[in-house]
**Q** 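Encoded as structure tokens, here's the structure I'll be asking about.
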Amino acid sequence: TELLGRVREMCLRAYAHQDVPFELLVEELAPGRSPAWHPLFQVVLALRNTRAGELALPGVEVRAEPVETHTSPFDLAFEFDDRDRDGRTAGGISGTVQYNADLFDRDTVERLAGRLLRLLEGVAHDPALPVSRYGLWAPGEHDQVVRQWNDTRR
């Protein structure tokens, strides 16, 4: 709850400057530039919780068509949408993960997604806990990392 409050306050302060052009921000911050990565961040967590307006044209049927690019502009992107299957009304959250296959393999991304899901389930179950108290390990994973992979007797 405390973390969400801090994030909320930080976002509200940032929204006060949302009209600053991205190019100006990059120029002012002057980060190291490379065409291989985004200049300010490489990981994205996004929630789409606003509805797009519907386009109505006389005599034309219009519908949104998802486009698969099979590329990610970021190293790792978790994207969530609060629409249910009919695409119109809220009824839960669905999500996708895009990742740079040069940096991550599918198993690693699936483990990261599983940890995020466990965190979200923990917060939904008991939102008053400090973030450090939520369990992120899959069953048996903690033992594997701490004992099996870290066996210092060898």
**Q** Which atoms form the tightest heavy-atom contact between T1 and A128, and what is the distance?
**A**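 Scanning both residues completely, I find the closest heavy atoms to be OG1-CA, 3.9 Å.
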**Q** Just grab all the salt bridge (charged side-chain N to carboxylate O under 4.0 Å, His left out) pairs involving residues 6-29, residues at least two apart or on different chains.
**A**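 Those involving residues 6-29 are E2-R6.
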**Q** Tell me every residue that passes side chain to side chain donor-acceptor pair (under 3.5 Å) with Q144, counting only those two or more places apart in sequence or in another chain.
**A** none
**Q** Does a side-chain heavy-atom distance below 4.5 Å link N100 with F74?
**A**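 A side-chain contact is absent here, since even the closest heavy-atom pair is not under 4.5 Å.
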**Q** With the side chain counted from C-beta on, respond yes when Q148 and D143 share a heavy-atom pair under 4.5 Å apart, and no when they do not.
**A** yes
**Q** Can you list everything that forms a side chain to side chain contact (heavy atoms under 4.5 Å, CB included) with L25? Sequence neighbours excluded, please.
**A**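 Scan of L25 (side chain to side chain contact (heavy atoms under 4.5 Å, CB included), adjacent residues dropped) gives L29, L40.
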**Q** Is there a side-chain contact between V97 and L76 in this structure, where contact means two heavy atoms from C-beta onward sitting under 4.5 Å apart?
**A** yes
**Q** Please name all residues satisfying side chain to side chain donor-acceptor pair (under 3.5 Å) with Q42, sequence neighbours left out, ordered by chain then number.
**A** none
**Q** Check whether V131 and V123 end up in the same hydrophobic cluster, where Ile, Leu, Val, Met, Phe, Trp and Tyr are linked by side-chain heavy atoms less than 4.5 Å apart.
**A** no
**Q** Considering only Ile, Leu, Val, Met, Phe, Trp and Tyr, and joining two whenever side-chain heavy atoms are under 4.5 Å apart, list the other residues clustered with W149.
**A** W137, V145
**Q** Linking directly or through intermediates, with side-chain heavy atoms under 4.5 Å: list the remaining ILVMFWY members grouped with L4, chain and number order.
**A**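 Members alongside L4: none; it stands by itself.
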**Q** Holding to side chain to side chain contact (heavy atoms under 4.5 Å, CB included), I want the full list of residues that pass it with L117, two or more places apart in sequence or in another chain.
**A**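 Testing L117 for side chain to side chain contact (heavy atoms under 4.5 Å, CB included), a comparison that skips the adjacent residues, returns E121.
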**Q** Give the cluster check for L3 versus L119: same hydrophobic cluster or not, with ILVMFWY residues linked at side-chain heavy-atom distances below 4.5 Å.
**A**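 Different clusters.
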**Q** Backbone N or O of L136 within a donor-acceptor pair of the R118 side chain at under 3.5 Å?
**A**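 Between the backbone of L136 and the side chain of R118 there is a qualifying donor-acceptor contact (under 3.5 Å).
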**Q** Suppose clustering is done on Ile, Leu, Val, Met, Phe, Trp and Tyr with side-chain heavy atoms closer than 4.5 Å. Which residues sit in the same group as V60?
**A** L55, L57, V62
**Q** Is it true that L47 and L120 fall in one hydrophobic cluster, defined by side-chain heavy atoms closer than 4.5 Å?
**A**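 Both belong to a single hydrophobic cluster.
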**Q** Cut-off 3.5 Å, no hydrogens considered: what does the side-chain donor-acceptor table look like for residues 101-112, sequence neighbours left out?
**A**
from, atom 1, to, atom 2, distance (Å)
D105, OD1, D107, N, 3.4
D105, OD1, T108, N, 2.8
D105, OD1, T108, OG1, 2.7
R106, NE, E110, OE2, 2.9
T108, OG1, R111, NH2, 3.4

**Q** Could you give the distance from CG (D81) to CZ (R48), rounded to the nearest 0.5 Å?
**A**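 Output value for this atom pair is 6.0 Å.
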**Q** What pairs meet the salt bridge (charged side-chain N to carboxylate O under 4.0 Å, His left out) rule with one or both residues in residues 56-76, with sequence neighbours excluded?
**A**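 Output for this query lists E61-R63, R63-E65.
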**Q** Taking all heavy atoms of D126 and all of Y134, pick out the closest pair and write down the distance.
**A**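 Distance-wise, the nearest heavy atoms are O-OH, 2.5 Å.
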**Q** Among residues two or more places apart or on two chains, list those pairs meeting ring-ring contact (aromatic ring centres under 6.0 Å, His included) that have a residue in residues 3-24.
**A**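 Only F22-H38 qualify under ring-ring contact (aromatic ring centres under 6.0 Å, His included).
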